[in-house]
There are 2 protein chains.
Amino acid sequence: MAAKRSKLKIIPLGGLGEIGKNITAFEYNENIIVVDCGLAFPEDEMLGIDLVIPDITYLKKNAEKVKGIILTHGHEDHIGALPYFLKELNVPIYGTKLTIGLVENKLKEHNLLRTVKRHCVSTGETIDLDPFKIEFIRTNHSISDAVALAIHTPVGVVIHSGDFKVDYTPIKGNAIDLQRFAVLGSKGVLALLADSTNAERKGYTMSERTVGNALEEIFAEVGNHRIMVATFASNVDRVQQIINAAYKHDRKVAVIGRSMVNVVKTASELGYLDIPENTLIDLSEIKKYNDDQIVIIMTGSQGEPMAALSRIATSDHRQLEIKPGDKIILSSSPIPGNEKTVSKVINELFRKGADVIYEDAHVSGHACQEELKLLHSLVKPKYFIPVHGEYRHLKHHAELAMMLGMPKENIHILSNGDVLELTKDSARVTGTVPSGQILVDGLGVGDVGNIVLRDRRHLSQDGLLVVVVTIDKASNTVISGPDIISRGFVYVRESEDLMDEARNVVKQSLNQCEQKQITEWSQIKSLIKDTLKDFLWQQTKRSPMILPIIMEV
Amino acid sequence: MAAKRSKLKIIPLGGLGEIGKNITAFEYNENIIVVDCGLAFPEDEMLGIDLVIPDITYLKKNAEKVKGIILTHGHEDHIGALPYFLKELNVPIYGTKLTIGLVENKLKEHNLLRTVKRHCVSTGETIDLDPFKIEFIRTNHSISDAVALAIHTPVGVVIHSGDFKVDYTPIKGNAIDLQRFAVLGSKGVLALLADSTNAERKGYTMSERTVGNALEEIFAEVGNHRIMVATFASNVDRVQQIINAAYKHDRKVAVIGRSMVNVVKTASELGYLDIPENTLIDLSEIKKYNDDQIVIIMTGSQGEPMAALSRIATSDHRQLEIKPGDKIILSSSPIPGNEKTVSKVINELFRKGADVIYEDAHVSGHACQEELKLLHSLVKPKYFIPVHGEYRHLKHHAELAMMLGMPKENIHILSNGDVLELTKDSARVTGTVPSGQILVDGLGVGDVGNIVLRDRRHLSQDGLLVVVVTIDKASNTVISGPDIISRGFVYVRESEDLMDEARNVVKQSLNQCEQKQITEWSQIKSLIKDTLKDFLWQQTKRSPMILPIIMEV
């Protein structure tokens, strides 16, 4: 009698229904491997939050099963939550050389370098984490050394695309290993998890090399002006092309912005960046050169207020000021949500007389529809799970698969926490596990939740009134106050009448309490709150937070 | 001897370096006319602010000179500040019929209907506000009855384009009166102020009619499902096309959302909307019909949380729920800054099984580069002032004019408050007047300024700690407290240790004060604040607002 075979479980814990905090667990019997461990950036409503990491309760509950974390590439939404994960579950991590290099910078910041095992894996190599064998397949993306994974399991082969595009003329290394996808597909692939980011976009994504051509054109026509280029620090290939263009035009290169300096350092130490000798200079040295001998590469392409480009735009950078005629290239495109901050920076730069280029100097790192169709056609999976996207992206990707002939019932649009169980012939969602977001604020992990955020929102909209009263315990009478202190509500100096009236309203409530012999503090506070709230709404149509405080002596 | 002729002054008080709150003063001797009076929507950092209106200090100081307000069209960024303006300076307003109709709705809400004089002006008509004669020239825009103005002054003719596009096949009325621009241009135009919104976009804006074609295609293929269309309430021509398509496909039309209902009512009463009999139904009646007999037109195309579409998406609309298969069309495009809120709504609608269309069902209302070039070529002004745009838009528009041969020195990129003085042969900025933004929050106009906003931002990021102490006056000792109350800082139930330690830190500061015989309250508060701040930063890397309060008995 054939032994009953176990099922493979695919459990996304992040990255579905959102762009950010990618993390997926693959489970077979008592063995779990985790693919990626990213962070997400806080939504606008998450006031004061620094970053968002995935809830890994399920993995902590099954800690002894977790064999390791496999990383597809070094972007923050794939590695950013690692320090927090590893503090809870110290397991070995596997990634390509550049990916591990970038992770090590993070581990260092969190004092985890000595305790976490790291393994560098080359593309084409297979690692053995019994019962899983994970094969690293070379892909192209907006960061070097990105891979897809072929996860060989007893139930079948699952391919996870990672983040990818098809680039036939990449800057470093080779084009995506399309042959390998095809060979695996010809032997039979059980399931495909693929990048849905650009599933709404028709056509295909241009090669990274076209940006080099665009930069070359700009550099050739710029004349006697300085050139500044803002781009994503992690896009080492882009930085390479900027350096190439600078070298070709006999310009020195200065690099500014903490993450840019770090990535350039790590990437060149590991051999991912070729910097011709005597090309790099320190920012302080630029005054030794003419304007037409300078290129400055910097952070800030998303308008981030603390990054180099924004600080230069607002004249807040100690070492660098815009000169009329400076050529400033934003080699990027605004990530959805960042359009206004980027626009602000562009306006400021124009005002200062710079010539700003912010279109046609960037290509996406994610496959558009034609490239996705190619992958599906090479892999021909039995089941398909769109990943790495908001619901709309997952939906469009699912429809793309159906357009190619995949039966609708074989496509699973999952949510974080869903458990998809696969056998050779079936794929069903059989349950859910805990999942969600943990908010990080300063040193606090998870201690800011809905209540704290709700209060921050209330305070941010209409401010606050603190009402303090001192009550004599024995006689139960008010002996000091009510004092009212407001913040974020009105400009006090011009609103004295309003505050005087507010004080009277509170006095009346307190008199009411004395008359009705209400001594229960919570009742007194409620009455103060309600009467003051009604009064302020009537007078101002605003609703500040009201904090009644009773001091007892 | 020829009398010395006065200069014409053009003084923008809003709308330059921003998209919003358009308002421009034209002054000649003791006479001022004002073109438009709009509001701006609050920036993200303007926490709790409802809307932003222009600072009209200059006009109030010269109240007796202000003869009237001329309106180019009925969008909020051209009429939204009128109620606030008219409460300070009650002057007659002039506009086309639909524009005045929309303004009257506003005046009614602010109880100004009886005191403000309104004059309806037809396109082609000229009004006399000596020494100005203002001619209304028909244009096309994303709202009906939009005009450009030819302002005839003793110094020369100034053309203000208003917001415009070139639409040769408009839905209602006629195409933009290109001939008139040409005739005026042939006689000599002193200055042109023109709409820079789309100055960065190559090509031209498609006709409104193409949206009708797109809608027709969608309606023809939708099958047995309900159709919902979200669009800008003010775009009456768009609403007309939706109604036309509905009628053609034997579908009834329900209209929901306060502003949509109001505009449809006003527009049809004034004859701008043709609604076939028995086409409009109330939302409550839709259950009498099959799905394929229904079209619902609604607000919410920008993802506004309180508008109809968002509420339906989050199942918060009392009368309407999404059914799988519902066809939902966003006949709009996200205004910069709204991309994420729109995306959220789209994701939610997809999750509920709707089929959402959000591309190719909209055209812009603003001229792109080819249309701008056309206007410049017909008008051939001596001087050019780009308006209605952020700095980047004004800059691109200026470059477009230069590309057509206008000398750089004849182009003036102004800022709000600049005074541009013109004679027949010169145009120079000769000074500035007060200008800026007034923030409206609830009933308060201008009482929320930088300090209040700064406090709201601080509170929104890290919350608040209130520290209350009661001190006996006579002995100068602490007799109650310190009590610490926090909001928006930590989840208190899980942070008792931290709060206990915080209390100790404050106690120590108070002891220090007693020992050093510090009795000055401001000093005591400072010490509490500083020591608590350092402690909290060390423990949490967060910086809540700290409010020390001393009660004296």
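Lettering follows sequence order; numbering is per chain, from 1.
Side chain of B:Arg456 to backbone of A:Gly488: a donor-acceptor contact under 3.5 angstrom is found.
Using a 4.5 Å cut-off between heavy atoms, A:Met46 makes no contact with chain B at all. Looking at A:Val469, only its backbone comes within 4.5 Å of chain B, counting heavy atoms on both sides. At a 4.5 Å heavy-atom cutoff, the contact between A:Glu45 and chain B is made by side-chain atoms alone. Residue contact with chain B, scored on non-hydrogen atoms closer than 4.5 Å, involves the backbone of A:Glu552 exclusively. Contact of A:Phe489 with chain B is made through the backbone alone, with heavy-atom distances under 4.5 Å.
Ranked by heavy-atom pairs shorter than 4.5 Å toward chain A, the options B:Ile49, B:Leu459, B:Asn347, B:Asp462 are led by B:Asn347. Among B:Ile451, B:Ile346, B:Asp472, B:Ile413, the residue with the largest count of heavy-atom pairs under 4.5 Å with chain A is B:Ile346. Per-residue counts of heavy-atom pairs under 4.5 Å with chain A were compared for B:Ser460, B:Gly48, B:Gly337; the largest is that of B:Ser460. Among the candidates B:Asp50, B:Ile479, B:Thr341, B:Thr470, the residue making the largest number of heavy-atom pairs closer than 4.5 Å to chain A is B:Thr470.
Salt bridge A:Asp355/B:Lys395: absent, no basic N to carboxylate O contact under 4.0 Å. Classification of B:Asp44 and A:Lys340 as a salt-bridged pair fails, no side-chain N sitting under 4.0 Å from a carboxylate O.
Shown here for B:Ser415 and A:Arg351, the closest heavy-atom pair between the two residues is OG-NH1, 4.1 Å.
Note that OH of B:Tyr391 is 11.0 Å distant from NZ of A:Lys352, once rounded to the nearest 0.5 Å. Rounding to the nearest 0.5 angstrom, the gap separating the OG atom in A:Ser480 from the CD1 atom in B:Ile550 is 11.5 Å. One finds the CG atom of A:Leu47 at 7.5 Å from the CG atom of B:Leu47 (value rounded to the nearest 0.5 Å). Atom CD of B:Glu390 is separated from atom CZ of A:Phe350 by 11.0 Å, given to the nearest 0.5 angstrom.
By the neighbour-count criterion of 12 heavy atoms within 6.0 Å, atom NZ of A:Lys525 is densely surrounded, having more than that number from other residues, nucleotides or ligands. A 6.0 Å sphere centred on CZ of A:Arg201 holds no more than 12 heavy atoms belonging to other residues, nucleotides or ligands.
With contacts defined as side-chain heavy-atom distances shorter than 4.5 Å, the pair A:Leu464/B:Leu547 qualifies. In this structure the side chain of A:Asp441 never reaches within 4.5 angstrom of the side chain of B:Thr540, judged on heavy atoms. Contact check for A:Arg542 versus B:Asp447: side-chain heavy atoms found under the 4.5 Å cut-off. Put simply, the side chain of A:Gln539 does not reach to within 4.5 Å of the side chain of B:Leu443, judged on heavy atoms. Proximity of B:Arg454 to A:Arg487: side-chain heavy atoms (C-beta onward) are nowhere separated by under 4.5 Å.
Using modelled atom types, one finds a donor on one side chain and an acceptor on the other under 3.5 Å when comparing B:Ser343 with A:Arg392.
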Practice problem: In sequence, state the C-alpha distance, the side-chain angles, and the governing distance for B:Ile549 and A:Val466, and then conclude on side-chain contact (heavy atoms from CB on, under 4.5 Å). | Solution: CA-CA 9 Å; B:Ile549 298 176; A:Val466 182; 3.7 Å; yes
